[in-house]
Amino acid sequence: MSTVTVTADAVEVRLTAAEKAAALRAGLRVPRSAVRSVEIVDDALGAARGVRTGLGVPGWRKLGTWHSRSGREFVDVRHGQPAVRIHLDGHGYSCLLLGVDDPQAVVATLSGV
């Protein structure tokens, strides 16, 4: 299971070996300075839109990069897990859609509350 860590200077997504293979990429590290906004997403599996590169198991798991007109989004969500969408500026991804155990804490941390 992947882990999301928010530090003073970055948002880090660490993937297991199997998740790296499914996502077709290694982990991800985004500087906090690239974070524009963050929001809680109620339906994380339905929120990923576009053409995917990675794993998509309908109704259960999405992991990888989703490509759409609005840009590239890294997605790591699973059924029943709450999620946050982190909007980015000046990064290779326009957003991160990440399943987390405590979305309110992630929003509070990234919003500086």
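For clarity, every value in this text was computed on a predicted model and none was experimentally measured.
In this structure, the side chain of R25 engages the main chain of G27 through a donor-acceptor pair within 3.5 Å. Between the S94 side chain and the R72 main chain, a donor and an acceptor come within less than 3.5 Å of each other. Side chain of R85 to main chain of A47: a donor-acceptor pair is present (N/O by atom type, distance under 3.5 Å, no hydrogens or angles).
In this view, S68 and S70 satisfy the side chain to side chain donor-acceptor pair (under 3.5 Å) rule, not counting sequence neighbours. With sequence neighbours excluded, the residues that form a side chain to side chain contact (heavy atoms under 4.5 Å, CB included) with P103 are I40, P82, V84, V100. The side chain to side chain donor-acceptor pair (under 3.5 Å) search around T53 returns H67, not counting sequence neighbours. Under the ring pair (Phe, Tyr, Trp, His ring centres under 6.0 Å) criterion, H79 pairs with W60, sequence neighbours left out.
Within the structure, ring pair (Phe, Tyr, Trp, His ring centres under 6.0 Å) pairs that include any residue of residues 10-39 do not occur (at least two apart or interchain). Applying the side chain to side chain donor-acceptor pair (under 3.5 Å) rule to pairs touching residues 9-18 yields T7-D9, D9-R29, E12-R14, E12-R29, T16-E19, sequence neighbours excluded.
Using a cutoff of 4.0 Å between basic side-chain nitrogens and carboxylate oxygens, E73 and R49 are not scored as salt-bridged.
Here V77 is tied into one hydrophobic group with V41, L45, W66, V75, L97, each link being a pair of ILVMFWY side chains closer than 4.5 Å.
In this structure, CG in L28 is found 5.5 Å from NE2 in H91, a value given to the nearest 0.5 Å. We find the CD-OG distance between Q104 and S111 to be 11.5 Å, quoted to the nearest 0.5 Å. We find the CD1-SG distance between I86 and C95 to be 9.5 Å, quoted to the nearest 0.5 Å.
A heavy-atom distance below 4.5 Å is found between the side chains of D76 and L15. Under the 4.5 Å side-chain criterion, counting only non-hydrogen atoms from C-beta, V30 is not in contact with Y93. The shortest side-chain heavy-atom distance between V107 and E39 does not fall under the 4.5 Å cut-off.
L24 and L96 are not part of a single hydrophobic cluster, where members link through side-chain heavy atoms under 4.5 Å apart.
Taking all atoms of both residues into account, the shortest heavy-atom contact from A23 to F74 is CB-CE1, 4.5 Å.
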